[in-house]
Trainee: 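Please see the structure below; I have some questions.
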Amino acid sequence: MLDSKLLRTHPDRVREALRQRRANVDLDALIGLDETRRRLTTEVETLKAERNQASQEVAQMKRRGEDATARTAELGTLSQRIKALDEELAMIDRQLQELLLTIPNIPHASVPQGEGETDNVEVRRWGTPPQFAFPPKEHWEIGTAHNGLDFETAAKIAGSRFVLLRGWAARLERALINFMLDVHTQEHGYTEVLPPVIVNRDSLVGTGQLPKFEEDLFHLAGTDYYLIPTAEVPVTNIFRDTTLEEAVLPLGLCAFTPCFRSEAGSYGKDTKGIIRQHQFHKVELVRFVHPERSYAELELLVTHAEAILQRLELPYRVVTLCTGDLGFASAKTYDLEVWLPGQAKYREISSCSNFEDFQARRAGIRFRSPGAKKSSLVHTLNGSGLAVGRTMVAILENYQQADGTVRIPTALQPYLGGATTIPFA
RNA sequence: GGAGAGGUGGCCGAGUGAGGACGAAGGCGCUCGCCUGCUAAGCGAGUAUAGGGGCAUACACCUCUAUCGAGGGUUCAAAUCCCUCCCUCUCCGCCA
């Protein structure tokens, strides 16, 4: 959520930012509502002050044993007016809030201009895509060949866009999760948490998925519950409506969770394999930081996610998302894209974002400096560290061999009982 | 799922069947000052958050409003009365 003060003082800045994002928002209506809100607020509060004072008088009269019926009758009409104004104000406030919640964040000045994916800017590459003496296969071919990925059975028990992992694949998934968590907790200073994967509406509003993107979520019928689309939601909301001590910043939490996405509007995309699923696993990194440091923290966060790819010796590149491709709540996002030989493409495997105070304002996440009287909003960041299923995809495709087996990255072997190739028992 | 108890400031805890002086006693903690060889104790003062206005700028000051789990209602006036919901705890049932 944007600061409504910014809207008042620099409407042109907001307007320009929204134009860059290709966001369609009626700013004038919003500014008008805000003005009305403040005017009504002043009016009704003046009346309330009057009423409060008069009520005190009534109390004193009664204490002295005087008759106050004339005075109270008079106050009745005042209260009626207050009530009417309060109702009007509440309505305006609801409208304003509703609108405000649908406005995306303002992109950071360093974010490149652009329409969409193709305008994203490559920042750096790491590693060299492997050369094959044979046509490299796609992950789903490799995975199904060794009976690790079972799409038919998953379709039977759930539907399309689900997978059943068997044997080595299930174990590999588990190994990756442990590996990632170990690196982040032991080397990057994150505290591991394991949150609920079902959350309420308030949490989703707090991180920005709601009210705008309801159709992307799985909603549990007849309840206020939703399946999380990412651990970002429960983990960021740990500190909803909380004021932190400045000394605890930067605070880093990491979490492994399943993630659930309805993938509405993605029909026909990535229908083969496990790139795009209704349920997948992700290790997520979330940071709560001092506003002055959030961009340095973003760079740091990216290196934490990159470390996993580097340990697994998977070639990747880092891109900065352009204004047109930026997520709703983000001010700046780096995507990590891993090389997939089967597709001969770099594909997203992590997304690292600085939300500045956008989520913090929605969720009420603040910090207090030792001397300061007032608290301030923290900046929140998060990034995948990494998407587990896609990491498996990258390993299968990058480490495949002519005989159809797959080498296991050295860093991962200890997590697989020393196995060096897939399939293993 | 059944029965009961309860949610008050950073924490503990009064107040809630007489609705009015209650943003809320008292204590702890914290901050500043005094005192004090040092520490502890003692003494004094202060100590919630958010929003609006004064403002052209400020987290400085003044002022108003709201907030006693949340939302509604009654009333001139609600922490206190009524309704709905949420959460916590205890016992029973069920269950991994």
Side-chain angles (χ1 to χ4, degrees), chain A residues 1-11 13 30-98 100-101 194-206 220 222-226 234 237-249 290-292 357 360-379:
Chain A
M1 191 161 64
L2 299 181
D3 186 356
S4 59
K5 277 192 190 117
L6 179 73
L7 215 58
R8 291 209 281 275
T9 51
H10 301 288
R13 246 192 84 195
L30 198 80
I31 291 167
L33 274 175
D34 182 56
E35 256 170 50
T36 310
R37 188 193 116 249
R38 280 179 300 133
R39 185 174 51 73
L40 283 175
T41 301
T42 313
E43 196 179 336
V44 75
E45 286 187 353
T46 308
L47 293 179
K48 280 182 182 174
E50 202 181 308
R51 183 186 64 186
N52 288 345
Q53 203 191 337
S55 285
Q56 294 302 311
E57 285 168 23
V58 171
Q60 283 168 18
M61 287 168 83
K62 290 219 168 175
R63 248 174 269 131
R64 287 194 299 259
E66 298 171 26
D67 178 43
T69 47
R71 197 82 180 100
T72 56
E74 204 179 306
L75 288 176
T77 57
L78 178 60
S79 275
Q80 301 269 315
R81 275 175 65 205
I82 290 174
K83 196 173 175 186
L85 276 175
D86 258 343
E87 274 167 22
E88 194 181 342
L89 183 59
M91 202 181 69
I92 299 277
D93 222 22
R94 263 197 308 276
Q95 286 174 21
L96 184 65
Q97 204 62 16
E98 222 168 273
L100 225 39
L101 283 173
L194 207 158
V197 300
I198 294 176
V199 295
N200 56 33
R201 188 179 172 84
D202 286 345
S203 291
L204 287 155
V205 170
L220 274 51
T223 70
D224 184 40
Y225 290 146
Y226 294 80
N237 277 284
I238 289 173
F239 296 113
R240 172 149 49 89
D241 297 320
T242 302
T243 302
L244 300 161
E245 289 301 324
E246 186 179 3
V248 308
L249 306 179
H290 192 286
E292 283 169 13
D357 63 13
R361 183 172 293 104
R362 286 173 164 244
I365 309 174
R366 303 169 168 277
F367 74 97
R368 192 190 314 282
S369 311
K373 278 198 171 171
K374 291 218 154 198
S375 59
S376 321
L377 296 168
V378 301
H379 280 195

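So you know, we letter chains A, B, ... as the sequences are listed, proteins then strands, and number each from 1.
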Trainee: May I have the step-by-step check of side-chain contact (heavy atoms from CB on, under 4.5 Å) for Gln56(A) and Gln53(A), ending in yes or no?
Mentor: CA-CA 5 Å; Gln56(A) 294 302 311; Gln53(A) 203 191 337; 5.6 Å; no
Trainee: Measure from CG on Leu377(A) to C1' on G51(B) and round the result to the nearest Å.
Mentor: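 Interatomic distance, CG of Leu377(A) to C1' of G51(B): 14 Å.
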Trainee: How far apart are the C-alpha atoms of Glu45(A) and Lys48(A), what are their side-chain angles, what is the distance that settles it, and do they pass the salt bridge (charged side-chain N to carboxylate O under 4.0 Å, His left out) test?
Mentor: CA-CA 5 Å; Glu45(A) 286 187 353; Lys48(A) 280 182 182 174; over 6 Å; no
Trainee: Is Asp86(A) salt-bridged to Lys83(A), cutoff N-O under 4.0 Å?
Mentor: no
Trainee: Would you check, one step at a time, whether the test side-chain contact (heavy atoms from CB on, under 4.5 Å) holds for Leu377(A) with Asp3(A)?
Mentor: CA-CA 11 Å; Leu377(A) 296 168; Asp3(A) 186 356; over 6 Å; no
Trainee: Distance check, C1' atoms only: G10(B) and A70(B), in whole angstrom units.
Mentor: 22 Å
Trainee: Rounded to whole angstrom, note down the P distance from U84(B) over to G2(B).
Mentor: 15 Å
Trainee: CE/Met61(A) to CD/Glu57(A) distance, rounded to the nearest 0.5 angstrom?
Mentor: 8.0 Å
Trainee: Can you give me the closest heavy-atom contact between Arg361(A) and Met1(A), atom names plus distance?
Mentor: NH1-O, 2.8 Å
Trainee: List the residues meeting side chain to side chain contact (heavy atoms under 4.5 Å, CB included) with Val197(A), not counting sequence neighbours, and say none if there are none.
Mentor: Ile228(A), Thr257(A), Pro258(A), Phe260(A)
Trainee: Determine the interatomic distance between C1' on G27(B) and the same-named atom on U8(B); round to the nearest Å.
Mentor: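 Looking at atom C1' only, G27(B) and U8(B) are 15 Å apart.
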Trainee: Rounded to the nearest Å, what distance is computed from the CG atom of residue Leu89(A) to the C1' atom of nucleotide G51(B)?
Mentor: 11 Å
Trainee: Let me have a per-nucleotide readout for nucleotides 66-78 of chain B, 5' to 3', with B, S or -, counting only protein heavy atoms under 4.0 Å.
Mentor: S-------S-BS-
Trainee: What interatomic distance, in whole Å, is found between P of G69(B) and the corresponding atom of U31(B)?
Mentor: 29 Å
Trainee: Please report the distance, rounded to the nearest Å, between CG in Leu40(A) and C1' in U65(B).
Mentor: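 So the CG-C1' distance, Leu40(A) to U65(B), works out to 14 Å.
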Trainee: Glu43(A) has an atom CD; how far is it from atom C1' of C64(B), in whole Å?
Mentor: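 Whole-Å distance recorded here is 15 Å.
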Trainee: Which residues pass the side-chain hydrogen bond (donor to acceptor under 3.5 Å, both in side chains) test with Ser79(A), sequence neighbours left out?
Mentor: none
Trainee: Categorize Arg8(A) for me: base, sugar-phosphate, or nothing, with a 4.0 angstrom heavy-atom threshold over every strand shown.
Mentor: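 Contact class for Arg8(A): sugar-phosphate only.
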Trainee: I'd like to know if the side chain of Asn200(A) pairs up with that of Ser203(A) as donor and acceptor (distance under 3.5 Å, no hydrogens or angles considered).
Mentor: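 Distance-only check passes for Asn200(A) and Ser203(A).
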Trainee: Identify the residue among Arg8(A), Lys5(A), Arg39(A) that makes a salt bridge (charged side-chain N to carboxylate O under 4.0 Å, His left out) with Asp34(A).
Mentor: Arg8(A)
Trainee: Identify, with sequence neighbours excluded, every residue that meets ring-ring contact (aromatic ring centres under 6.0 Å, His included) alongside His10(A).
Mentor: none
Trainee: At a cut-off of 3.5 Å, list every protein nitrogen or oxygen paired with a nitrogen or oxygen from nucleotides 83-89 of chain B, distance to 0.1 Å.
Mentor:
none

Trainee: In whole angstrom, what separates Glu245(A)'s CD from G29(B)'s C1'?
Mentor: 13 Å
Trainee: For Watson-Crick and G-U wobble pairs within 3.5 Å on both distances, what is RNA chain B written in dot-bracket notation, | included for inter-strand pairing?
Mentor: ((((((((.[[[..)....(.....]]]((((((.......))))))(((((((......))))))).[[[[[..)....]]]]])))))))....
Trainee: Which nucleotide in the list G20(B), G52(B), A50(B) gets nearest to the side chain of Ser375(A)?
Mentor: A50(B)
Trainee: G51(B) C1' sits how many Å from Asp3(A) CG, rounded?
Mentor: 12 Å
Trainee: Starting from the 5' end of RNA chain B, give me the residue, Val44(A) or Ser4(A), whose nearest nucleotide shows up first.
Mentor: Ser4(A)
Trainee: Using the C1' atoms only, state how far U49(B) lies from A45(B), rounded to an integer number of Å.
Mentor: 23 Å
Trainee: Taking atom CD as the centre, does Glu98(A) end up with more than 12 heavy-atom neighbours from other residues, nucleotides or ligands that are less than 6.0 angstrom away?
Mentor: no
Trainee: Arg366(A) side chain N/O closer than 4.0 Å to the phosphate oxygens (OP1, OP2) of A50(B)?
Mentor: yes
Trainee: What's the gap between G72(B) and G6(B) when it is taken at their C1' atoms, as a whole Å value?
Mentor: 22 Å
Trainee: Taking only the P atom of each, what is the distance from A40(B) to C28(B) in whole angstrom?
Mentor: 16 Å
Trainee: Which distance, rounded to the nearest 0.5 Å, do you find between the CD1 of Ile365(A) and the CG of Asp357(A)?
Mentor: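 Rounded to the nearest 0.5 Å, the CD1-CG separation comes out at 11.0 Å.
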Trainee: Measure CZ/Arg361(A) against C1'/A50(B) and give the value in whole Å, please.
Mentor: 13 Å
Trainee: Between G54(B) and C43(B), how far is it from one C1' atom to the other, in whole Å?
Mentor: 39 Å
Trainee: Return whichever of Arg368(A) or Thr41(A) has its heavy-atom-nearest nucleotide of RNA chain B closer to the 5' end.
Mentor: Arg368(A)
